[in-house]
**Student:** 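Handing you this structure, nothing more for now.
Below, each value reflects all heavy atoms present in this structure, side chains not excepted, and no hydrogens, waters or symmetry copies. All values derive from a computational prediction rather than experimental measurement.
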Amino acid sequence: ALLLTGSALLPGRRRELKTQTDQRELRVYGNQTSDTELAKAVMAHQFHPSVLGPESWEGYKFSDMEIRIKESTDLYGAVLWPSAMVLCHFLETNQDKFSLRDKNVIELGAGTGLVTIVSSLLGAKVTSTDLPDVLGNLQYNVTRNTKGRCKYIPLVTELTWGQEVEQRFPRDTHCFDYILAADVVYSHPYLEELMATFDHLCQETTEILWAMRFRLDPENSFVDRFRQRFHLEQLYDLPSLSIKLFRAWRKDKGTKNHGEAAA
């Protein structure tokens, strides 16, 4: 075989290869720009109080509403992580394809409550769940930001993954349209219980919207195990934030409205 160097290629072929290279570079640059612009749009929802008062809070704006979130730094689950903002941004900007109006929604690991609050502002009937030691701060934030603003009052309740889930959320009376989760997968010892909870709550017509920040190997292995039970579609990939947003549905259900990923 004869190997031609760049100088030995015909002019037309050189132009063709250069065009292909330029297009590949443009696609890569376009992805980087998209990631940067999307991450910027996500973080633009956050603002800080102009005047410091007796109570510290973080400010967010979704659905043209100002949301004030009180964090509790002594509790890991009571701190707001960027994955919640990514999920909220997606929900707000993709209401045409993923409308929450009058839908039954459950949030796992609600933490400070931002996803629950935004979902409620978008018209959902939300069951907001987390561990007992987080519920006080969660209830405070949810009540503070949804009272008099939402069609449905969110229900804040305890849920320990894998414990009495079937008794507390029987399938015949608790059918959810959406399961929402932000940053529930990290290096903790309850990943199998989380998987079992997803499995019980996700019925034939349920869709999961799950934002995840990649940190360590356990997160990656959880995704691999998750794929064994659920179809998984990537909606967002934000390398600058180390966050991906997924959409999932049971493998033992028919295809229903599973179109292209939203931009």
Side-chain angles (χ1 to χ4, degrees), residues 63 83-84 86-110 113 115-130 142 146 150-185 191-212 222-236 244-263:
S63 297
S83 296
V86 170
L87 179 52
C88 289
H89 178 82
F90 177 84
L91 293 172
E92 182 183 56
T93 56
N94 290 277
Q95 296 179 59
D96 55 337
K97 296 181 180 179
F98 297 87
S99 174
L100 297 186
R101 187 174 299 277
D102 300 321
K103 296 293 195 300
N104 286 314
V105 172
I106 186 168
E107 183 184 4
L108 303 182
V115 175
T116 287
I117 294 163
V118 172
S119 301
S120 299
L121 293 175
L122 294 174
K125 294 176 277 188
V126 184
T127 300
S128 182
T129 70
D130 213 315
V142 169
T146 62
C150 302
K151 183 178 180 180
Y152 303 102
I153 299 173
L155 171 64
V156 175
T157 187
E158 173 189 346
L159 175 59
T160 302
W161 300 331
Q163 294 186 17
E164 300 183 350
V165 179
E166 295 181 8
Q167 291 79 7
R168 299 200 51 228
F169 298 93
R171 280 170 159 258
D172 56 345
T173 58
H174 291 74
C175 183
F176 297 102
D177 298 294
Y178 288 100
I179 299 171
L180 305 180
D183 225 3
V184 294
V185 178
L191 292 178
E192 289 304 321
E193 289 82 356
L194 174 60
M195 183 77 75
T197 302
F198 272 130
D199 193 41
H200 174 75
L201 294 174
C202 187
Q203 300 192 42
E204 288 187 357
T205 59
T206 306
E207 292 188 76
I208 300 170
L209 294 176
W210 161 33
M212 172 177 169
F222 181 89
V223 173
D224 292 337
R225 296 197 306 276
F226 190 87
R227 289 181 189 274
Q228 297 175 9
R229 302 189 190 188
F230 301 95
H231 294 289
L232 198 62
E233 176 188 12
Q234 183 175 288
L235 300 174
Y236 281 172
K244 292 184 179 182
L245 175 65
F246 297 108
R247 174 194 193 191
W249 61 99
R250 297 194 69 89
K251 281 195 170 182
D252 53 359
K253 63 165 281 186
T255 303
K256 177 175 178 281
N257 294 331
H258 301 296
E260 296 181 356

**Student:** Apply side-chain contact (heavy atoms from CB on, under 4.5 Å) to V156 and T116, showing your working.
**Tutor:** CA-CA 9 Å; V156 175; T116 287; 5.7 Å; no
**Student:** Has the side chain of R171 got a donor or acceptor atom that lies under 3.5 Å from a matching backbone atom of H200?
**Tutor:** yes
**Student:** Could you tell me whether the side chain of E193 and the main chain of W161 form a donor-acceptor pair under 3.5 Å?
**Tutor:** no
**Student:** Looking only at heavy atoms, what is the nearest atom pair of S99 and K103, with distance?
**Tutor:** O-CG, 3.4 Å
**Student:** What are the two closest heavy atoms between C175 and T205, and how far apart are they?
**Tutor:** SG-OG1, 4.1 Å
**Student:** Which distance, rounded to the nearest 0.5 Å, do you find between the CG of L209 and the CG of L100?
**Tutor:** 8.0 Å
**Student:** Can the ring centres of F98 and F90 be said to be less than 6.0 Å apart?
**Tutor:** yes
**Student:** To the nearest 0.5 Å, tell me how far L194 CG sits from F222 CZ.
**Tutor:** 4.0 Å
**Student:** Please determine whether side-chain contact (heavy atoms from CB on, under 4.5 Å) holds for the pair N94 and L235, giving the CA-CA distance in whole Å, both sets of side-chain angles, and the decisive distance to 0.1 Å.
**Tutor:** CA-CA 11 Å; N94 290 277; L235 300 174; over 6 Å; no
**Student:** Can you tell me how far apart OG1 (T127) and CZ (F169) are? Round to the nearest 0.5 Å.
**Tutor:** 6.0 Å
**Student:** Would you mind reporting whether L87 and V118 have side-chain heavy atoms less than 4.5 Å apart?
**Tutor:** no
**Student:** Kindly compute the distance separating SG (C88) from CG (L121), expressed to the nearest 0.5 Å.
**Tutor:** 9.5 Å
**Student:** Using every non-hydrogen atom in the two residues, find where G109 and D130 come nearest and quote the distance to one decimal.
**Tutor:** C-OD2, 3.2 Å
**Student:** Can you say whether the rings of W210 and F226 are parallel (under 30°), tilted (30 to 60°) or perpendicular (over 60°)?
**Tutor:** tilted
**Student:** Given side chains that start at C-beta, do those of L155 and S128 come closer than 4.5 Å, heavy atoms only?
**Tutor:** no
**Student:** Do V142 and V126 come within less than 4.5 Å of each other through their side chains, counting heavy atoms only?
**Tutor:** no
**Student:** So for atom CD1, which belongs to I153, do other residues, nucleotides or ligands contribute more than 12 heavy atoms lying within a distance under 6.0 Å?
**Tutor:** no
**Student:** Give a yes or no on whether a salt bridge exists between R250 and E204, defined as a side-chain N under 4.0 angstrom from a carboxylate O.
**Tutor:** no
**Student:** What's the shortest heavy-atom distance between S119 and V115, and which atoms?
**Tutor:** OG-O, 2.8 Å
**Student:** Tell me, do L108 and L201 make a side-chain contact under 4.5 Å, heavy atoms counted?
**Tutor:** yes
**Student:** On the 0 to 90° scale, with breaks at 30° and 60°, tag the H174-F176 ring pair as parallel, tilted or perpendicular.
**Tutor:** tilted
**Student:** Should the pair H89 and Y236 be assigned to parallel (<30°), tilted (30 to 60°) or perpendicular (>60°) ring geometry?
**Tutor:** tilted
**Student:** Rounded at 0.5 Å granularity, tell me how far NZ in K125 sits from OG in S120.
**Tutor:** 12.0 Å
**Student:** Within this structure, what is the CG-OG distance for the pair D183 and S83, rounded to the nearest 0.5 Å?
**Tutor:** 3.5 Å
**Student:** Any ion pair linking E192 and R225 (charged N to carboxylate O, less than 4.0 Å)?
**Tutor:** yes
**Student:** I want to check something: taking the side chain as every heavy atom from C-beta on, are E158 and T160 in contact at a cut-off of under 4.5 Å?
**Tutor:** yes
**Student:** State, yes or no, whether a side-chain contact exists between D102 and Y152 at a heavy-atom distance under 4.5 Å.
**Tutor:** yes
**Student:** Mind listing the closest non-hydrogen atom pair of V165 and G162 along with its distance?
**Tutor:** CG2-N, 3.6 Å
**Student:** Backbone N or O of R227 within a donor-acceptor pair of the K251 side chain at under 3.5 Å?
**Tutor:** yes
**Student:** Donor-acceptor pair, distance only, cut-off 3.5 Å: does the side chain of E233 make one with the backbone of R247?
**Tutor:** no
**Student:** Given 3.5 Å as the limit, does a donor-acceptor pair link the side chain of D177 with the main chain of N104, or not?
**Tutor:** yes
